[in-house]
Novice: 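Once you've had a glance at the structure underneath, I'll fire off some questions.
Lettering follows sequence order; numbering is per chain, from 1.
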Number of protein chains: 2
Amino acid sequence: MIMAKAKKKEEVPAEEKIKQAARKLFTERGFDAVKTRDIAAEAGINLALLNYYFRSKQKLFDVIMVENFEQFVQQLIPVMGDENLSLDEIIAKVSGNYIDMLRNNPDLPFFILNEMKNESSELLVIREKMKDVKSGFIKRVEKAMKEGKLTPLHMGHLMMNFMGLVIFPFVAKPVLMKVNGFSNKEFDALMDERKDLVPIWLKAIMKAK
Amino acid sequence: MIMAKAKKKEEVPAEEKIKQAARKLFTERGFDAVKTRDIAAEAGINLALLNYYFRSKQKLFDVIMVENFEQFVQQLIPVMGDENLSLDEIIAKVSGNYIDMLRNNPDLPFFILNEMKNESSELLVIREKMKDVKSGFIKRVEKAMKEGKLTPLHMGHLMMNFMGLVIFPFVAKPVLMKVNGFSNKEFDALMDERKDLVPIWLKAIMKAK
DNA sequence: AAACATTTTAATCAAATGATTAAACTTTAA
DNA sequence: TTAAAGTTTAATCATTTGATTAAAATGTTT
């Protein structure tokens, strides 16, 4: 029997355990706040093994960063490029899907925002990915604006509005819970409502003048 | 001549220099990323003096945190409570004022979001401050909803929408600049436009169904 | 079994960092 | 001028933290 990784039974290999622990902690707390010893403890392995597999904390982080950023944008690509859907349908579907994704990964937005504030890494990859996401959808929106079906508006505003309505609540969750006294349950109920509301609001925004 | 702080000429006292340096660095980078030696260097004073005046990094940070949070909310209070303005006027004025304030303090939102994710400090003060902000305005909105002038909606949604449209762009600025290739100038121009656009959009949102 | 790869342990480094101390210097007040 | 308060400097601690090393233990392949 050929096995790349040797292990007693059917256990998860150490390298994978380290990655899982790193993903959890880095996503929750960010690069600086996580210590290599935290990761080793969370993974249930020895500190030395982390450096054995990943050479350094930074290298391990880079792996997680790329994976997280992909999760952050990947979901948008197939829906936004779907020529069989109307613009309204795309907005509704993307909003709903994205809010669902964020409910399962509530720390993802802050992680991306926080880490992209510092690093300049992986810029090329990111820019390329986003080009694919935007091209088709943007052209259709611009066409609708020219035809007078939508109020003419800089694409940056639309992107900020979408992100602001969909993503921001997850970034602001701690503040909202402290300031407004929301419970986790209440917050979750509001997010569920927003799956239907955000598309309505985005449509209203795009037609308002 | 009686002077609490002794100094050669008309210089800014060391305690104030430390606070100013601390405010700048903490607001830009957050608690963890700022080292006491950074603050001392930025203030042009010796490291020992920082601990002499403020006892510890944490104590110094607490001072800055309170001041920053006050700036974050204080501006809202007088306008939102102004009974002489219509709801539309309040929304327009608050949006414009707040975007202007954030253009002068672009790092403030992320600072608040980041630090409130961790700490539980100053909860009482915060909660009290926010009660003042909300009470009057909220009652008027709820009344308008009951009268059918606005679409009935959980107040949490309205707050998220306002913050999402006004504040989020400043939090996402690094991402937007990297992903969309915005320059500082372009971003600033968009923010200027939003002073007029956000009130229009918020009104559209509150009437949409 | 022998050879090889993987995993674990324990000890240790070097640098960064928050904090303290003691001594000197400067300004103000008595 | 002297005493007190405020300010500065330099040296030093103890802890944390990322990383490395050497050696042993465990499992796999030949």
Novice: Test: salt bridge (charged side-chain N to carboxylate O under 4.0 Å, His left out). Region: residues 32-41 of chain B. Which pairs qualify, not counting sequence neighbours?
Specialist: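 Passing the test, one end in residues 32-41 of chain B: B/R29-B/D38.
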
Novice: Just checking B/R55: does its CZ atom have more than 12 heavy atoms from other residues, nucleotides or ligands closer to it than 6.0 angstrom?
Specialist: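 Not more than 12 within 6.0 Å, no.
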
Novice: Please state how far atom OH in B/Y52 lies from atom C1' in D/dT8, giving the value in whole angstrom units.
Specialist: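 After rounding, the reported distance stands at 11 Å.
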
Novice: Using the salt bridge (Lys or Arg N to Asp or Glu O under 4.0 Å) criterion, which residues pair with A/D196? Sequence neighbours excluded.
Specialist: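 Checked A/D196 against salt bridge (Lys or Arg N to Asp or Glu O under 4.0 Å); zero matches.
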
Novice: State which residues pass side chain to side chain donor-acceptor pair (under 3.5 Å) with B/K57; sequence neighbours excluded, sorted by chain then number.
Specialist: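 Applying side chain to side chain donor-acceptor pair (under 3.5 Å) to B/K57 gives none.
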
Novice: Would you indicate whether B/K195, at its atom NZ, is surrounded by more than 12 heavy atoms from other residues, nucleotides or ligands within a distance under 6.0 Å?
Specialist: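 Above 12, so yes.
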
Novice: Quick check: A/F182 with A/F187 (ring centres under 6.0 Å apart)?
Specialist: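 Between A/F182 and A/F187, which both carry aromatic rings, the centre distance is not below 6.0 Å.
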
Novice: Please report the distance, rounded to the nearest Å, between NZ in A/K57 and P in D/dT16.
Specialist: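 My rounded result for the distance is 16 Å.
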
Novice: Filter on ring pair (Phe, Tyr, Trp, His ring centres under 6.0 Å), then keep only pairs touching residues 74-102 of chain A, sequence neighbours left out; what's left?
Specialist: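 The answer is none; no pair qualifies.
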
Novice: Can you pull out the residues from residues 33-51 of chain B that lie within a 4.0 Å heavy-atom distance of DNA chain D?
Specialist: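 Within this stretch, B/N46, B/A48, B/L49 sit under 4.0 Å of the strand.
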
Novice: Measure CD/A/Q58 against P/D/dA19 and give the value in whole Å, please.
Specialist: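 Computing the A/Q58:CD to D/dA19:P distance gives 9 Å.
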
Novice: A/I167 and side chain to side chain contact (heavy atoms under 4.5 Å, CB included): which partner among A/I112, A/L102, A/I99?
Specialist: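 Running side chain to side chain contact (heavy atoms under 4.5 Å, CB included) over A/I112, A/L102, A/I99 with A/I167 returns exactly one hit, A/L102.
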
Novice: Could you tell me the separation between the CG atom of B/D32 and the C1' atom of C/dG18, rounded to a whole number of Å?
Specialist: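 The distance from CG of B/D32 to C1' of C/dG18 comes to 13 Å, rounded to the nearest Å.
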
Novice: Quick one, which residues of residues 24-31 of chain B touch DNA chain D with a heavy atom under 4.0 Å?
Specialist: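 Nucleic-acid contacts, sorted: none.
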
